[in-house]
There are 2 protein chains.
Amino acid sequence: MNHTSHPSGTPTVPAAPAAPTAPGVRQAQKQQTRRALLDAALGLLEQQNLSGLGVREVTRAAGMSPAGFYRHFPDLSALGVVLVEESLANLHDMFRAVFAESGGAEQLIDRAVEVIAAHVREHRAHVRFLARERHGGVREVRGAIAAELRSFAEEVAAAPAVRQVTEGWPAEDVRMLAELYVDRMVSTAAAFVEASPEEGERIARTVRLQLRLISTGSRHWNGS
Amino acid sequence: MNHTSHPSGTPTVPAAPAAPTAPGVRQAQKQQTRRALLDAALGLLEQQNLSGLGVREVTRAAGMSPAGFYRHFPDLSALGVVLVEESLANLHDMFRAVFAESGGAEQLIDRAVEVIAAHVREHRAHVRFLARERHGGVREVRGAIAAELRSFAEEVAAAPAVRQVTEGWPAEDVRMLAELYVDRMVSTAAAFVEASPEEGERIARTVRLQLRLISTGSRHWNGS
DNA sequence: AAAGTCGGCAAACAGTTGTTTACTGAATGG
DNA sequence: CCATTCAGTAAACAACTGTTTGCCGACTTT
């Protein structure tokens with residue numbers, strides 16, 4: 001994170017020799033190192049837990065001085081909160097992507113598994129972080145994740161494809177079905193995140209079968 | 001962990017004044033402080049992660065000197081391994097207790113929820129530990145837990161109540177159903193472990209419904 | 001072009017950590 | 001009863017931790 005040195009590199013190209021520092025450069029640099037801190041933390045959290053992370057460890061991985069950390073976060077838990085928010089926002093996008101287009105149960109299931117796989121491919125560190133801290137040592141974090149998952153369940157319960165099959169059900173039954181779907185999807189993402197490609201294929205087949213079984217059960221559900 | 005003091009208490013009852021130290025006293029005392037270490041660690045792990053635990057922390061909680069730790073374990077990870085083994089052995093007992101007596105699907109479901117609740121009541125710390133480290137920061141521990149859960153799934157697949165309904169199914173379908181049951185039961189235990197009594201009642205109702213839905217799905221399953 | 005803001009740094013602070021050392025005294029076995 | 005074993009101890013070790021301090025120099029505003 002050395003924005004300073006600039007050791008007279010490439011004296012040619014005088015087009016922007018000492019660029020008049022258009023306003024906003026400072027804030028941009030700050031955001032850049034802030035992101036470097038977040039990414040460094042995410043990287044370390046691949047093999048560690050949030051409750052065991054250290055300030056010096058993070059700054060070292062980000063290539064900056066320990067003191068610089070406090071220009072961005074008052075605490076390590078503050079950084080953790082940001083990571084939770086990012087991860088949950090991404091996961092929310094994933095859920096919306098699954099239920100964006102409607103279609104038959106079969107197509108919805110195939111689409112769900114594809115979207116989950118793509119999400120893990122693109123946000124591996126975030127997903128691993130969520131899986132790890134969902135039952136991790138920080139109560140505040142666990143609570144935030146649990147609350148967001150409940151909200152996802154409500155969203156799933158309100159999705160057209162689900163409403164169609166749960167028409168006339170008592171509210172509690174609808175909720176348990178939605179929670180079942182959410183839990184299965186999150187667990188699947190967590191399973192994808194640390195699986196080799198061939199294991200991933202097996203997991204995908206398994207979860208497709210499981211979602212189909214749940215779908216079958218819901219179509220034959222009698223509220224007794 | 002002071003087995004020493006013995007300040008000449010109750011001079012009456014000379015039956016065993018300075019008991020001739022029947023053989024085995026030493027080993028018994030050792031096992032006792034070893035257990036104290038394990039219990040102290042389990043206690044600390046209620047609010048912390050295995051990867052963030054410290055030797056001094058554990059010995060302090062157990063009321064003994066840091067150096068004494070190394071008379072029992074070479075490492076903190078060695079202690080962690082023991083905790084994993086204990087927790088998984090207990091969980092194994094739980095699964096066997098669920099499928100011990102056979103009966104109709106309804107009775108099996110009710111029995112399962114009761115057994116899970118009782119297990120959590122009696123082994124709260126162990127269950128929390130498993131939930132936390134199942135996706136925790138220690139690869140070795142994650143692997144051990146995953147392997148054991150797979151073996152539980154095989155056991156569930158072989159249970160009479162399950163074999164009855166999966167007669168004629170392809171092996172892969174049987175496995176996905178068994179894994180679905182195992183995952184739901186473990187997740188339920190994890191949910192119980194940090195829930196107030198009234199939340200616990202809601203969780204119990206929800207999981208009963210979900211297990212019934214899965215059971216319904218399996219009875220209407222067509223392998224297509 | 002001068003004055004001010006502020007992100008990042010080196011250094012220092014007091015505590016903590018894991019692990020080893022030599023030791024003590026009770027349990028053990030002859 | 002005496003010699004041996006050995007669980008637990010206190011002290012010391014270097015290495016590490018979170019956080020604060022004063023400072024510098026590049027960005028920003030006037």
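FYI, side chains are in, hydrogens and waters are out, and symmetry mates aren't considered; it's all heavy atoms of this structure.
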Under 3.5 Å donor-acceptor pairs involving side-chain atoms of residues 147-160 of chain B, not counting sequence neighbours:
| unit_1 | atom_1 | unit_2 | atom_2 | d |
| --- | --- | --- | --- | --- |
| Ser151(B) | OG | Glu148(B) | O | 3.4 |
| Glu155(B) | OE1 | His92(B) | NE2 | 2.9 |
| Glu155(B) | OE2 | His92(B) | NE2 | 3.0 |

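Pairs of residues two or more places apart, or lying in two chains, that qualify as salt bridge (Lys or Arg N to Asp or Glu O under 4.0 Å) and include a residue from residues 128-139 of chain A are Glu46(A)-Arg128(A), Arg134(A)-Asp183(A). Sorted by first and then second residue, the side chain to side chain donor-acceptor pair (under 3.5 Å) pairs with a member in residues 50-70 of chain B read Asn49(A)-Ser51(B), Gln48(B)-Glu57(B); sequence neighbours excluded. Pairs passing the salt bridge (Lys or Arg N to Asp or Glu O under 4.0 Å) check and including a residue from residues 66-86 of chain B, sequence neighbours excluded, read Arg35(B)-Glu86(B).
In the region residues 38-52 of chain A, proximity to DNA chain D at under 4.0 angstrom, judged on heavy atoms, holds for none of the residues.
Checked against dG4(C), dT28(C), dC23(D), the side chain of Arg26(A) finds its nearest nucleotide in dG4(C).
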Problem - Watson-Crick or G-U pairs under 3.5 Å in DNA chain D, rendered as dot-bracket with [ ] for crossing pairs and | for another strand - result: ||||||||||||.||||.||||||||||||

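When the side-chain nitrogen and oxygen atoms of Gln29(A) are compared with OP1 and OP2 of dC27(D), one or more of them lie within a distance under 4.0 Å. Contact between the side-chain N/O atoms of Thr33(A) and the OP1/OP2 oxygens of dG8(C) is found at a separation under 4.0 Å.
For Phe99(B), there are no ring pair (Phe, Tyr, Trp, His ring centres under 6.0 Å) partners, not counting sequence neighbours. Residues forming a side-chain hydrogen bond (donor to acceptor under 3.5 Å, both in side chains) with Glu199(A) (at least two apart in sequence, or on another chain): Ser196(A). In this structure Glu198(B) satisfies the salt bridge (charged side-chain N to carboxylate O under 4.0 Å, His left out) test with no other residue, sequence neighbours excluded. Partners of His119(A) according to the side-chain hydrogen bond (donor to acceptor under 3.5 Å, both in side chains) rule, which considers only residues two or more places apart in sequence or in another chain, do not exist here. Residues that satisfy the side chain to side chain contact (heavy atoms under 4.5 Å, CB included) test with Ala144(A), not counting sequence neighbours, are Val84(A).
Counting non-hydrogen atoms of other residues, nucleotides and ligands closer than 6.0 Å to CD of Glu172(B) gives a total above 12.
Between the P atom of dT21(D) and the CZ atom of Arg71(A) lies a distance of 12 Å, rounded to the nearest Å. Rounded to whole angstrom, the span from the CD atom of Gln27(A) across to the C1' atom of dT29(D) amounts to 15 Å. Distance Gln31(A) CD to dC27(D) C1': 15 Å, rounded to the nearest Å. The separation between Arg34(A) atom CZ and dG8(C) atom P is 12 Å, rounded to whole Å. Following rounding to the nearest Å, Met64(A) (CE) and dA11(C) (P) show an atom-to-atom distance of 17 Å. Phe69(B) places its CZ atom 18 Å from the P atom of dA10(D), with the value rounded to the nearest Å.
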Atom pairs, protein N/O to nucleotides 16-18 of chain D N/O, distance under 3.5 Å:
| unit_1 | atom_1 | unit_2 | atom_2 | d |
| --- | --- | --- | --- | --- |
| dT17(D) | OP1 | Arg60(A) | NH2 | 3.2 |
| dT17(D) | OP2 | Arg60(A) | NH2 | 2.9 |
| dG18(D) | OP1 | Val55(A) | N | 2.5 |
| dG18(D) | OP2 | Val55(A) | N | 3.3 |
| dG18(D) | OP2 | Arg56(A) | N | 2.8 |
| dG18(D) | N7 | Arg56(A) | NH1 | 2.5 |
| dG18(D) | O6 | Arg56(A) | NH1 | 2.8 |

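Separating the CG atom in Leu213(B) from the CE atom in Met176(A) is a distance of 4.5 Å, to the nearest 0.5 Å.
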